[in-house]
Structure formats: C-alpha cells, structure tokens
Number of protein chains: 2
Amino acid sequence: MGDESVIRNSIRRLRFEHGEMTQQQLADAAGCTRQTIILLEQQRYAPSLTLAFRIARVFGKGIEEVFMFEESE
Amino acid sequence: MGDESVIRNSIRRLRFEHGEMTQQQLADAAGCTRQTIILLEQQRYAPSLTLAFRIARVFGKGIEEVFMFEESE
DNA sequence: ACATGATGTAATATATTTTGTACATTGCCA
DNA sequence: TGGCAATGTACAAAATATATTACATCATGT
C-alpha cells in the first residue's frame with residue numbers, strides 16, 4: 001500500500017486528559033512498549049488495528065476518536 | 001504484541017450486501033490486492049489501521065462496524 | 001550537587017502485514 | 001465443449017510495525 005494516506009492520533013492529548021498519564025503507564029495498559037507510544041505520538045507510523053483498539057480502550061474511546069484518517073486526495 | 005486478542009471482520013457479508021461486490025472490486029476500491037482481501041476474509045490476520053480505515057470507508061461504515069475486537073480475557 | 005522520573009534518540013532484531021506470481025477449482029453461459 | 005470470471009492455495013519477497021537495549025537530556029525535589 002504505497003499510498004500517502006496518513007493517520008493522525010490524539011494520544012498525547014488524551015494522555016494528559018487522563019491525569020498526566022505517563023507514556024510508560026499507557027504502554028503497560030495497552031500492552032506495548034514505551035518506545036511504541038513515543039513513535040506513535042510522533043506520528044511516525046500508524047499502529048496495527050489491534051494496538052489501535054487497545055489504546056482506544058485504555059482511554060474509553062472508540063478508535064475513530066483517537067485515530068484520524070487523512071485522505072490522500 | 002504476542003497476545004491472543006483477535007480481530008474479526010464482516011467483510012464478506014458487507015461485500016455481498018453491496019451488490020455482490022467482487023473481491024477484486026473491493027481490493028481496487030480499498031487500494032490493496034485481492035490476495036489481501038482473501039486473507040482478511042479468512043480471518044488470517046488483522047489489517048493495518050490504514051487498510052482498515054480504507055475498507056470501512058468503501059462500505060460507508062465506521063471501523064468498528066467492520067472490525068470487531070475480541071478480548072483475550 | 002545529586003538522584004530520579006519522564007521523555008527522546010538510535011540501532012538492530014523480530015514479527016506481522018501486504019504484495020507478487022503462478023496455478024487449481026468451480027460455476028456459468030455462449 | 002470451451003472459455004471466462006470468481007474464488008482459493010502456496011510460497012517467497014518486500015514493506016511496515018513492534019520490541020529490545022542502551023544512552024542522552026531535562027526538570028524536579030531533596
């Protein structure tokens with residue numbers, strides 16, 4: 001899928017809205033590494049659908065409230 | 001993420017509900033290969049979040065209407 | 001001044017998703 | 001009967017996501 005569609009996310013904001021939750025705490029809650037959270041917050045890549053579900057669930061949100069799909073055109 | 005959480009999907013059903021849409025047509029509309037659609041319909045793996053968004057969008061649905069997160073416990 | 005916790009960087013290794021290609025099967029219809 | 005469209009299988013290769021480890025920086029509190 002060599003397209004230019006991009007996925008943004010609000011992880012950083014949500015983390016702070018959840019009592020200054022730490023990257024490490026989120027990683028633990030979502031079952032991934034802190035490194036992964038860092039890269040996601042920096043919008044370096046889109047997560048797997050599985051991880052997206054898990055992260056959204058930590059915040060009690062739906063996937064599309066956390067991750068935004070940005071069309072190519 | 002070596003866990004046992006599983007993602008199910010309703011692609012096959014949605015395809016038929018959309019005028020017997022062909023695997024190839026869906027693949028084209030979603031910007032992936034027919035092979036990928038086949039494997040997804042067989043629940044062989046979870047798609048990337050990007051592809052999940054694209055497929056859902058082809059059907060005019062939200063991600064969570066097409067892909068279901070199944071908790072480990 | 002020092003220790004500590006939170007964040008960031010970098011490099012490499014592993015896992016997973018997606019493609020590409022080639023071929024098999026089945027059902028349909030001229 | 002023969003051809004074609006739709007689906008499926010198998011396998012290797014490419015692309016991408018995630019983990020691991022180790023170290024850097026900055027702010028805070030003592």
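Naming convention: chains lettered A, B, ... in sequence-line order (proteins, then strands); numbering from 1 in each chain. Given the structure is predicted, the values throughout are model-derived calculations rather than measurements.
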**Prompt:** Would a 4.5 Å heavy-atom cut-off, applied to side chains only, mark B:Phe59 and B:Leu26 as touching?
**Reply:** yes

Under a 4.0 Å heavy-atom criterion, the protein footprint on nucleotides 25-30 of chain D, written with B, S and -, is ------

Rounded to whole Å, the OH-C1' distance (A:Tyr45 to C:dT17) equals 14 Å

Table of protein N/O atoms under 3.5 Å from nucleotides 28-30 of chain C N/O atoms:
none

Overall bend of the helix from C:dA1-D:dT30 to C:dA30-D:dT1 (five pairs an end, 10° steps) is 30°

| query | Between A:Thr36 and D:dA19, is there a side-chain N or O to OP1/OP2 distance below 4.0 Å? | reply | yes

Nearest heavy-atom contact between A:Gln43 and A:Ile7 is OE1-O, 3.7 Å

Let me check something: any side-chain donor-acceptor pairs from residues 30-39 of chain A under 3.5 Å, sequence neighbours excluded? List them with distances.
| from | atom 1 | to | atom 2 | distance (Å) |
| --- | --- | --- | --- | --- |
| A:Thr33 | OG1 | A:Thr36 | OG1 | 3.3 |

note: B:Asp28, atom CG; D:dA6, atom P; distance rounded to Å ~ 11 Å

note: A:Arg54, atom CZ; D:dA17, atom P; distance rounded to Å ~ 17 Å

Expected output: side-chain B:Asn9 to main-chain B:Leu40 donor-acceptor under 3.5 Å = yes

Under 3.5 Å, side-chain donor or acceptor atoms of residues 17-24 of chain B against the rest of the protein: list the pairs with distances, not counting sequence neighbours.
| from | atom 1 | to | atom 2 | distance (Å) |
| --- | --- | --- | --- | --- |
| B:Glu17 | OE2 | B:Arg13 | NH1 | 2.9 |
| B:Gln23 | NE2 | B:Glu41 | OE1 | 3.3 |
| B:Gln24 | NE2 | B:Asp28 | OD1 | 3.0 |

Between CZ of A:Phe67 and P of D:dA17 the distance, given in whole Å, is 12 Å

For nucleotides 6-11 of chain C, 5' to 3', base contacts (B), sugar-phosphate-only contacts (S) and non-contacts (-) with protein non-hydrogen atoms under 4.0 Å give SBBBB-

Minimal heavy-atom distance between A:Phe67 and B:Phe53, with the atoms involved, is O-CZ, 3.4 Å

A:Ile55 CD1 to D:dT18 C1', in whole Å, measures 11 Å

When rounded to whole Å, the CG to P distance for the pair B:Leu51 and D:dA15 reads 17 Å

A:Leu49 CG to D:dT16 C1', in whole Å, measures 15 Å

d(A:Ile55 CD1, A:Ser10 OG) to nearest 0.5 Å is 11.5 Å

| said: Under the criterion side-chain contact (heavy atoms from CB on, under 4.5 Å), I'd like the reasoning laid out for A:Arg57 against B:Phe69: C-alpha separation, chi angles, the key distance, then a yes or no. | reply: CA-CA 10 Å; A:Arg57 183 168 139 293; B:Phe69 188 50; 4.2 Å; yes

Testing C:dT17, D:dT18, C:dT19 for proximity to the side chain of B:Cys32, the answer is C:dT19

Practice prompt. Check whether any side-chain N or O of B:Glu64 sits under 3.5 Å from a backbone N or O of A:Ile63 as a donor-acceptor pair, and report yes or no.
Written response: yes

From CD1 of B:Ile11 across to C1' of D:dT7 the rounded distance in Å is 15 Å

**Asked** Is any side-chain nitrogen or oxygen of B:Thr33 closer than 4.0 Å to OP1 or OP2 of C:dT19?
**Response** yes

